[in-house]
Amino acid sequence: MPEDYSTKIVTMNYRRSCTKFTGEQLKILIDTFNRKPYPNYATRQKLASEINIEEPRIQIWFQNRRARHPFRKRSKPEEALKSSQDHGQGDLEERSQARRSRTYYNCSQLHILVEAFENNPYPGIVSREQLAEEIGVPESRVQIWFQNRRSRLFSQAKKEPDEDLEQ
DNA sequence: ACTAATCTTATCAGGTACCACCTGATAAGCCCATTAGT
C-alpha cells in the first residue's frame, strides 16, 4: 500500500534515529540527574565528553527524564531549579557557562534559513543536517531556529486579527 | 512497551539602543504534551 510506503520515506528523513545509551552511560546520566536534574551547559558538555554522546542528546535526555521521573517533589520546581543551578559550589566554569552562548547568524546565513523555512517550516533531520552544514552551524541550532520561527509566526498570526480592527 | 525525538507555548536572558524590542536558549506539557523507532 502506497500509504505505508510514502509514510516510511517521509519518516526516514524526518526523524533522527534514536540514540541508544549503554548501561554505563545510563548509569552516569541517572547519577547526575539525581544530584542535578537541571544541569547547565557546562555540566552537559562535561557529561557529553565523559560518555561520548553529543550534548544535544544529553539535553533531550534530561528533558525527557524530568518529564517522566518527577524527581520530586517537595519543593516546587522553581526551588529545585535554583538549587541545582546557581547553588553549584565550586565549579567556576559552570557559572561562566550557565547557558549555551547565543548563536549569531549573519545575513547570508539568515537568508538561507528563511528561504528554507518558506519552502518547508518542518524540515526533517536530513534537511536540517544539510542546512547546518551549508551555513556552518550545529544541527541542533538549526532545529531551535525553526522552532522559534514557527512559534513567533503563530503568535503573530493570532494577534493580527485584532490589529486589523484597529486600523 | 519503553523512551528518544519532536512539537507548541511560555519564559528567560543577552544584546542593542536607550527601557523596550528582538531573538536565541531553556523549560514544561497534567486524567503527567505527541509521535515514532527498537
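Numbers restart at 1 for each chain; the letters A, B, ... are given by sequence-line order, proteins then strands.
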Any idea if B:dC32 is syn or anti, going by the 90°-from-0 cut?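 Glycosidic conformation of B:dC32: anti.
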
In whole angstroms, how far is the [atom2] atom of [N] from the [atom1] atom of [X]?
| X | N | atom1 | atom2 | answer |
| --- | --- | --- | --- | --- |
| A:Asn106 | B:dT23 | CG | C1' | 16 Å |
| A:Tyr104 | B:dG24 | OH | C1' | 9 Å |
| A:Gln45 | B:dA25 | CD | P | 13 Å |
| A:Asn64 | B:dC32 | CG | P | 17 Å |
| A:Arg66 | B:dA4 | CZ | C1' | 15 Å |
| A:Asn148 | B:dA10 | CG | C1' | 11 Å |
| A:Asn40 | B:dA13 | CG | C1' | 15 Å |
| A:Tyr38 | B:dA25 | OH | P | 20 Å |

Could you measure between the two [atom1] atoms, the one in [N] and the one in [M], and give it in whole Å?
| N | M | atom1 | result |
| --- | --- | --- | --- |
| B:dT3 | B:dC32 | C1' | 15 Å |
| B:dC31 | B:dA36 | C1' | 23 Å |
| B:dA25 | B:dC19 | P | 27 Å |
| B:dA17 | B:dC22 | P | 13 Å |
| B:dT34 | B:dT8 | C1' | 11 Å |
| B:dT23 | B:dA1 | C1' | 40 Å |
| B:dA33 | B:dC7 | C1' | 8 Å |
| B:dT6 | B:dT26 | C1' | 16 Å |

Indicate if [X] and [Y] have the same hydrophobic cluster label, given that clusters are the connected sets of ILVMFWY residues with side-chain heavy-atom separations under 4.5 angstrom.
| X | Y | answer |
| --- | --- | --- |
| A:Leu153 | A:Leu131 | yes |
| A:Tyr38 | A:Phe33 | yes |
| A:Ile60 | A:Leu29 | no |

Using modelled atom types only, decide if a donor and an acceptor are shared between the side chain of A:Arg15 and the backbone of A:Ile125 within a distance under 3.5 Å. no

Donor-acceptor contact below 3.5 Å, side chain A:Glu129 vs main chain A:Val126: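 Checked: no pair found.
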
Could you check whether A:Arg57 gets within reach of a base, just the sugar-phosphate, or nothing at all, counting any heavy atom under 4.0 Å?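 Counting heavy atoms under 4.0 Å across all strands, the contact made by A:Arg57 is with sugar-phosphate only.
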
Tell me whether the side-chain N or O atoms of [X] pair up with the base of [N] as donor and acceptor below 3.5 Å, since no angle test is needed here.
| X | N | value |
| --- | --- | --- |
| A:Arg68 | B:dA33 | no |
| A:Arg149 | B:dT23 | no |
| A:Arg15 | B:dT35 | yes |

Which residues in residues 138-147 of chain A have a heavy atom closer than 4.0 Å to any atom of DNA chain B? A:Arg141, A:Gln143, A:Ile144, A:Trp145, A:Gln147

Side-chain N or O of [X] less than 4.0 angstrom from OP1 or OP2 on [N]?
| X | N | answer |
| --- | --- | --- |
| A:Arg150 | B:dC7 | yes |
| A:Arg65 | B:dT3 | no |
| A:Arg99 | B:dC12 | no |
| A:Arg100 | B:dA13 | no |
| A:Tyr122 | B:dT35 | no |
| A:Thr103 | B:dA25 | yes |
| A:Arg102 | B:dG15 | no |
| A:Ser17 | B:dA4 | no |

Heavy-atom nearest pair, A:Glu139 first then A:Arg57, reads OE1-NH2, 4.5 Å

Evaluation steps, side chain to side chain donor-acceptor pair (under 3.5 Å), between A:Thr43 and A:Asn40: CA-CA 5 Å; A:Thr43 302; A:Asn40 61 24; 3.0 Å; yes

Closest to the A:Phe154 side chain, choosing from B:dA25, B:dC7, B:dT9: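 Nearest listed nucleotide: B:dT9.
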
Measure from the side-chain heavy atoms of A:Tyr41 and tell me the nearest of B:dA4, B:dT26, B:dA28.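 Nearest nucleotide to the side chain: B:dT26.
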
Closest-nucleotide ordering on DNA chain B, the 5'-leading residue of A:Arg128 and A:Tyr105: A:Arg128

Would you mind checking if A:Asp31 and A:Lys27 are paired as a salt bridge, meaning a charged N to carboxylate O distance below 4.0 Å? no

Looking at A:Phe117, is A:Arg149 sitting on its ring face, NZ or CZ under 6.0 Å from the six-membered ring centre and within 45 degrees of the normal?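 Ring-cation test returns yes.
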
Is it true that, when you exclude A:Asn52 itself, more than 12 heavy atoms of the residues, nucleotides or ligands shown sit nearer than 6.0 Å to its CG?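 No, the 6.0 Å shell around CG holds no more than 12 heavy atoms from other groups.
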
